[in-house]
Amino acid sequence: MSEHPQYAKIWRTVQLIPLGKVASYGQIADLAGLPGRARLVGKSLGFVPKDMEVPWHRVLRSNGQIAFPTGSEQSQKQSGLLQQEDVAVFNNRVKLSIFQWQPDLAEMLWKLEY
DNA sequence: AGGGTGACCGGAC
DNA sequence: AGTCCGGCCACCC
């Protein structure tokens, strides 16, 4: 439970990804005000508190791939959660041209309260 | 202190 | 379309 202040910020940003859309690790880092820290986003998602709802499955690599190895338990779970919200996964991968979240800047400023 | 480690990224072939 | 490679940077020994 010892948190780094950055984690909460990342989790909040991930919570803004709309159902049926996805974002990349780097994109989340940028939106969270942490450019260059895509890897930190991945790590933080492994530490989401159980009582918090964070749609971690909507975060993918910059090429649309699920970050976990194909066929692994985790990738199967992520894939299932995505398809459950009508995001098509093919070969461990999602077409970003169709499903990538494109946040409206004004709305972001509002929700993140800078 | 300093080196290794990632749920990463972009460019170069 | 892949694969490779260097860069990245907070975190953890």
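Just so it is clear: chains get the letters A, B, ... in the order the sequence lines come, proteins before strands, and each one is counted from 1. Bear in mind the structure is a predicted one, so any value in this text is a computation, not a measurement.
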Value in whole Å for how far the [atom2] atom of [N] lies from [atom1] of [X]:
{"X": "A:Lys77", "N": "B:dA7", "atom1": "NZ", "atom2": "P", "value": "16 Å"}
{"X": "A:Arg61", "N": "B:dG6", "atom1": "CZ", "atom2": "P", "value": "13 Å"}
{"X": "A:Leu34", "N": "C:dC11", "atom1": "CG", "atom2": "C1'", "value": "14 Å"}
{"X": "A:Tyr25", "N": "B:dG10", "atom1": "OH", "atom2": "C1'", "value": "17 Å"}
{"X": "A:Leu40", "N": "C:dC9", "atom1": "CG", "atom2": "P", "value": "12 Å"}
{"X": "A:Lys43", "N": "B:dA7", "atom1": "NZ", "atom2": "C1'", "value": "10 Å"}
{"X": "A:Arg37", "N": "B:dG10", "atom1": "CZ", "atom2": "P", "value": "15 Å"}
{"X": "A:Asn91", "N": "C:dA1", "atom1": "CG", "atom2": "C1'", "value": "12 Å"}

Q) With a 4.5 Å heavy-atom cut-off, do A:Trp56 and A:Gln78 have their side chains touching? A)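 When only atoms from C-beta onward are counted, A:Gln78 and A:Trp56 do touch, with a gap below 4.5 Å.
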**Q.** Student check: side-chain heavy atoms of A:Ser24 and A:Leu60 closer than 4.5 Å
**A.**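 When only atoms from C-beta onward are counted, A:Leu60 and A:Ser24 do not touch, as no gap falls below 4.5 Å.
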Q: With DNA chain C as reference, determine whether A:Phe47 or A:Arg93 sits nearer its 5' end, using the nearest nucleotide of each.
A: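 In this pair, the answer is A:Arg93.
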From the list [options], which nucleotide is the closest neighbour of the side chain of [X]?
{"X": "A:Trp56", "options": "B:dC9, B:dA7, C:dG2", "answer": "B:dA7"}
{"X": "A:Arg39", "options": "B:dA7, C:dC8, C:dA10", "answer": "C:dC8"}
{"X": "A:Ser62", "options": "C:dC11, B:dG10, B:dC8", "answer": "B:dG10"}

Q: Go through A:Lys21 and A:Glu85 one step at a time and tell me if the salt bridge (Lys or Arg N to Asp or Glu O under 4.0 Å) criterion holds.
A: CA-CA 9 Å; A:Lys21 290 293 174 185; A:Glu85 40 192 67; over 6 Å; no
Q) Any side-chain N or O of A:Ser24 less than 4.0 Å from the OP1 or OP2 oxygen of B:dC9? A)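 Yes, because at least one side-chain N or O of A:Ser24 sits under 4.0 Å from OP1 or OP2 of B:dC9.
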Q) Can A:Gln83 and A:Ser79 be counted as having a side-chain donor-acceptor contact under 3.5 angstrom? A)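 Present: a donor and an acceptor within the cut-off.
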